[in-house]
**Student:** 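Handing you a structure now.
The structure presented is a predicted model; accordingly, all values stated were derived computationally and were not measured. Residue numbers begin at 1 in each chain, while the letters A, B, ... track the order of the sequences.
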2 protein chains.
Amino acid sequence: MSYLESITSPTLLLNEQICRNNLESMATKAQKQGKELVPHFKTAQSLQVGEWAKEYGIKELTVSSIKMAAYFCDKGWDNIHIAFPFNPLEVHTLNQLASKQSISVQLINKAVTDHLVKHLSNTVGFFIEIDAGYGRTGVEVSDFGLIEEILRTAKTTDKLQFKGFYIHPGHTYYTADKHKIYEESIAALSMLKNKYSTEYPELKTRVGDTPGCAVVDDFGDVDQIGPGNFVFFDLMQVNLGSCKREDVAVALAVPVVDIKKTKKEILIHGGGVHLAKDVLLEADGSKNFGEVVLLNDKGWTIPSERSFLKSISQEHGLVQASDELLANVKVGDLIGILPVHSCMTADCMKSYMTLDGKWVDHTEGA
Amino acid sequence: MSYLESITSPTLLLNEQICRNNLESMATKAQKQGKELVPHFKTAQSLQVGEWAKEYGIKELTVSSIKMAAYFCDKGWDNIHIAFPFNPLEVHTLNQLASKQSISVQLINKAVTDHLVKHLSNTVGFFIEIDAGYGRTGVEVSDFGLIEEILRTAKTTDKLQFKGFYIHPGHTYYTADKHKIYEESIAALSMLKNKYSTEYPELKTRVGDTPGCAVVDDFGDVDQIGPGNFVFFDLMQVNLGSCKREDVAVALAVPVVDIKKTKKEILIHGGGVHLAKDVLLEADGSKNFGEVVLLNDKGWTIPSERSFLKSISQEHGLVQASDELLANVKVGDLIGILPVHSCMTADCMKSYMTLDGKWVDHTEGA
């Protein structure tokens, strides 16, 4: 029986082979350059995908919340890094996790470092996050006063072990010249490494985000790369040049509930609660919330004429359909939607179905 | 102990009293006009909130998926209406639900009506959805050919019972003159009622959406109103003039993880996976993903100077903070965020905490 026969409502399909290809490709790239790949698992949030990742030599991973860290805890990972400025209200949970799992956190201010010094009962590592220059989070690279204040404070306990510096150059998502951003990030990390490696000979530097890791070939003396989205990719990454449409490993299977041939519109059960509301702009300014693929027993194919979701509400999605699609689809069929932002779609859907009809776990569905 | 002491990570607070006030206010408005209020529960998606609604005389409700219908099934509702063009792949589940619960669906084409005629084993009601004029879903009001084709097809079985016409004027969200939209919708429903009431003397007409139901005072000869969002309201509704900030019944409690006083920025753990990515535009074109309220033991207060979320990513939120807020908040505190779109935030969060620390259910968390 085809996996398709069991689907009656919006279901997130995961093509294991594409996902494995993406893992292998990034692992090979890292290995060739002598870098360690520590993927960010906020995208897949899945123990099963984690097991696939281990087959490509991946030993550590990154998550973005303590909830995700708890999910991956005690599953054979050498270390789990929580790449989010540590939330001091969660120190009790951190202590529990650290009693059974090597774990590291991210620090960017003295207040939280003080709090950890006072309340840690188990040893945890920490990275200092450096602001990559777009102002979301992190210590400014030139703010040695703050860097040293954090390091000095951490030294007052043996429970905090400095692991290194972390940069997330998220502005590669908005900037054409990703190489220039990476040159700056790599130069910043290199400078910090030189400055602090005498005192901390074991310190590592890590840089990571999918658009950069996908297109940059020279990571300089950075030790680790930490992309996340590459595991699945999505339309945003296609637009950024990180991958091809054929590399996108997830598609939302949705039922067709109405067709208006004269308006070239197909109404699907699939909206903001399934895909999230991330959006791309077409050349003519119209919105694109996802693109149609044709489902078959072995997965999906990308049609030669593009059809895309031009509007969504909570549960509804309205497809601007090509003639090819209109000729091949009827009410009651399933079609696939490649998501604009796979991390958000996966978080909405909370599980995956593989092409042999098996369910794959996600943190939010556990 | 205050409910606040138990919160360590993003948590959706529900102020029961505000929610009850919103229910009572809309129920009173409907009653005064002799209309039946059939609220759309895609916003709250909660059995507990449903029980509160019953106290204000509400006997039927609307949902937007068969999953939600299953959740509310057999809980003492006179009828559950699934206000979404029926997805023919779900007829088996529909039959199961209809064996124990009065249920109605929405039809907009012959294909699905044919499918139901063939596969229904239990009786269900149906509304024909009329396109309110903004082209998302429904039969065009002048398309009597299609209306009669659906009615004729339905008559070939005793399992399909025509209940009436339904209009969702969702374009009130984008149009200043909500009264004009309602005049058109009400006139359309009135015309259809006159045309078909001889043959179907029991038929009902229903119109519903929160911006319209909140500001319109004359619903003409419409029988039922069906707003959804009013149960909680949100910033979008404040902007549309449907309510005041004080009427918003939910706020996301979030931990403060960093403060940059010179940049007047507060970093919170709270992002797209918690709030969803619905956004309002400020007068100067900057984005607003939610507004800060100050939490206390009894709920929250709205500060005199506005602070708002200017950017969010998957887990991060960056607040543009007022001087008042900066003076009163430190790292490790909790602040509240009024959501832009409460339906989507509730769907992301999957549960609520009341101000006495009790958990309230949501379909997605069940």
**Student:** Tell me, for H341(B) versus chain A, whether the close heavy atoms (under 4.5 Å) come from the side chain, the backbone, both or neither.
**Tutor:** side chain
**Student:** Chain B: which of D278(A), T93(A), V279(A) shares the most heavy-atom pairs with it under 4.5 Å?
**Tutor:** D278(A)
**Student:** State, yes or no, whether a side-chain contact exists between E129(A) and L107(A) at a heavy-atom distance under 4.5 Å.
**Tutor:** no
**Student:** Students often mix this up, so state it plainly: with edges at 30° and 60°, are the rings of H269(B) and F84(A) parallel, tilted or perpendicular?
**Tutor:** tilted
**Student:** With a 4.5 angstrom heavy-atom cut-off, is it the side chain or the backbone of K277(A) that approaches chain B, or both, or neither?
**Tutor:** side chain
**Student:** Quick one: sort the Y166(A) and H81(A) rings into parallel, tilted or perpendicular, breaks at 30° and 60°.
**Tutor:** tilted
**Student:** So which residue, N87(A), D333(A), I7(A), I66(A), ends up with the most heavy-atom pairs under 4.5 Å with chain B?
**Tutor:** N87(A)
**Student:** Which one, L334(A), L318(A), V256(A), L267(A), leads in non-hydrogen pairs under 4.5 Å with chain B?
**Tutor:** L267(A)
**Student:** For A276(B), which atoms come within 4.5 Å of any heavy atom of chain A: side chain, backbone, both, or neither?
**Tutor:** neither
**Student:** Tell me whether the rings of F230(B) and F233(B) are parallel (<30°), tilted (30 to 60°) or perpendicular (>60°).
**Tutor:** perpendicular
**Student:** In terms of heavy-atom pairs under 4.5 Å with chain A, which of E90(B), H316(B), E364(B), Q314(B) leads?
**Tutor:** H316(B)
**Student:** Under a 4.5 Å heavy-atom cut-off, does chain B meet the side chain of D347(A), its backbone, both or neither?
**Tutor:** side chain
**Student:** Below 4.5 Å, heavy-atom pairs only: which of K330(B), K263(B), M344(B) has the largest tally toward chain A?
**Tutor:** M344(B)
**Student:** Counting heavy atoms not belonging to K287(B), are there more than 12 under 6.0 Å from its NZ?
**Tutor:** no
**Student:** Is there side-chain contact between V273(A) and E315(A), with at least one heavy-atom pair below 4.5 Å?
**Tutor:** yes
**Student:** Mind ranking S311(B), C348(B), G365(B), S9(B) by heavy-atom pairs under 4.5 Å with chain A and telling me who comes out on top?
**Tutor:** S9(B)
**Student:** Just give me the residue among V257(A), T137(A), I268(A) that pairs up with chain B most often, heavy atom to heavy atom, under 4.5 Å.
**Tutor:** V257(A)
**Student:** Does a side-chain heavy-atom distance below 4.5 Å link C343(B) with N229(B)?
**Tutor:** yes
**Student:** Please report the closest heavy-atom contact between K264(B) and Q320(B), naming both atoms and the distance.
**Tutor:** O-NE2, 3.5 Å
